[in-house]
Protein chains: 2
Amino acid sequence: MNSAKHPIQAVQRTLDIVDVLREQREARVTDIADELDLSKGTIHCHLATLEQNGYVVKNGQRYALGLQFLDLAHHAKNRVDIYDITQAEVDALAAESGEMALFTVEEHGEGVCLYKAEGEDAVQTELYVGYRNGLYHTAVGKALLAFMPEERREEIIEETEFEQITPNTITDPDELREQLAEIRERGIAYNHEETIQGLVGVGAPIRDQDGTLYGAVSLIGPVSRMEDERLTEELPQLIRRAVNIIEVNITSL
Amino acid sequence: MNSAKHPIQAVQRTLDIVDVLREQREARVTDIADELDLSKGTIHCHLATLEQNGYVVKNGQRYALGLQFLDLAHHAKNRVDIYDITQAEVDALAAESGEMALFTVEEHGEGVCLYKAEGEDAVQTELYVGYRNGLYHTAVGKALLAFMPEERREEIIEETEFEQITPNTITDPDELREQLAEIRERGIAYNHEETIQGLVGVGAPIRDQDGTLYGAVSLIGPVSRMEDERLTEELPQLIRRAVNIIEVNITSL
DNA sequence: AGCGTTCGTTTAACACACCCAAACATTTAA
DNA sequence: TTAAATGTTTGGGTGTGTTAAACGAACGCT
């Protein structure tokens, strides 16, 4: 009996091994065997298979993720049609504002950063291309939630485990729903130190004429620079302009 | 009897499926089943396992690579210690020269592009981060070959299948060995339209004091701009400076 | 040097997990 | 409404992945 509830064991083991390598950067056969509670022989076979395919490299006894994943990442990214167009505009946003600019899409109910550009004064964060975030506590996330089909939104909110990351993080589904309604009216979403203390974000969704949601862009920076009319006027204006250019270009795809 | 010669079948199948998705961007169960000559049920189970882990997404009937690979790519990249340092210098190279600048490392006997930066007049190529190239026909590739341990070099040359990509491509192992000796003396490697007609490259290796090879950087541009003393003096000078800065920084790791 | 430890790798055999074919469900086309 | 083509589920047989144990290689130690 195989189905979604019964994943293929051998494949799942391989993915678990990959996950260990992702977290550890380097690991030996024994380390992984201990970690996953499997025999050394098993781990060895899996690693050999992965290595043959370029997904794993070994120097001496240490195994690590292979660069073949870069190729897959490239192809996964280019599946998103608007990637190229958006990249240029996010660069522009970063340059104009001096802050860090991000392009994020939704996948499996989470936000995935697809591109980031650093302006001159950009904050340094651990955020990287591929980083996954809960949608409920970021500017892009709320922008995405606000403008996706209601059905999908409720599905995601239902499955979300709200976590109090900072004092400002929204942990009540109904409070979130209220904010999302406001965002739909305003067209702009904010993150008031809900993810990291001292960090504020402004974001907006990217949609085509039919209202189909493609992703969202945002600017993030320190609370000291993100206040008053810069936060309520200047930056939203920059973002609106960028989103507009992207949306115009969607039609010509 | 399991060993490197007998990879785990189920895992290999999953990797084959991923490979199909890489090439096709989108595929249905039946497409993949036909392509790999496996039953639909089998493909379905594999895809379900991959989807549960975020490595595959499906809209309707169509399956595609998931963005989880971006995360793995990030971690695979950051395994290369000098990535951060090099990135900044490659950016500088691109800005100073106006051409396209690349950072490449060797893996499994091939060159893998880890970072690219586009100068103002940069040529547009299909080359992307993660792109794999034969070492024998690129500037970075020859720079890597020239300065790696002789044993490894011969091992790679032995396994290489030389292909006449352009009229200028080197297809004779001994001719390659001669060029590599010159490159070792000069410290600079060239690609004279050996990969793409009209495209010229200049590259140099990155090494530490012990002579350990870390990777190589290069500038590539149209033959019309890559001639005379710009090719023999100006660009090599830029590259030497960049490499030097990187090499100095290696010590402080 | 020689021993002991600690790895990775190989081996053979058994349990069971994967694959298939076919039935079912679901969508698309006519 | 019917028909065709697709995704999904099922159960059973076989070939395969797992394991434990033995082997070999590479250290570090006294």
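To find a chain, count down the sequence lines: A is the first, B the second, and so on, and within it residues start at 1. Note that the coordinates shown come from a computational prediction; the quantities given were computed from them, not determined experimentally.
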Nucleotide [N], atom [atom2] - distance to [atom1] of [X] in whole Å:
X     : N      : atom1 : atom2 : answer
A:L38 : D:dT19 : CG    : C1'   : 10 Å
B:H44 : D:dT9  : NE2   : P     : 5 Å
A:I43 : D:dT19 : CD1   : P     : 8 Å
A:I32 : C:dT9  : CD1   : P     : 11 Å
B:R62 : D:dA5  : CZ    : P     : 17 Å
B:Y63 : D:dT6  : OH    : C1'   : 11 Å
B:K40 : D:dT10 : NZ    : C1'   : 14 Å
B:L36 : C:dC20 : CG    : P     : 11 Å

Looking at every heavy atom in both A:I183 and A:A143, which two are closest together, and how far apart are they?
CG2-CA, 4.5 Å
Are [X] and [N] close enough that a side-chain N or O sits under 4.0 Å from OP1 or OP2?
X     : N      : answer
B:Q9  : D:dT16 : yes
B:H46 : C:dC19 : yes
A:R13 : D:dG17 : no

Test your reading of the model: is there a side-chain donor-acceptor pair from B:R153 to the backbone of B:A146, 3.5 Å cut-off?
yes
With a 4.0 Å cut-off, would you call A:D71 and B:R22 a salt bridge?
yes
Carboxylate-amine/guanidinium proximity below 4.0 Å for A:D174 and A:R177
yes
Heavy atoms under 4.0 Å, any strand shown: does A:T30 hit a base, just sugar-phosphate, or nothing?
sugar-phosphate
Selection from D:dG17, D:dT19, C:dC20 that lies nearest to any side-chain heavy atom of A:S39
D:dT19
Earlier contact from the 5' end, DNA chain D, for A:T42 and B:G41:
B:G41
Which residue lies more 5' along DNA chain C, comparing A:K58 with A:A10 via nearest heavy atoms:
A:K58
Here's a test of your reading of the structure: between A:V11 and A:G60, which maps to the more 5' nucleotide of DNA chain C?
A:G60
Distance-only side-chain donor-acceptor flag, A:Q12 / B:N53, under 3.5 Å
yes
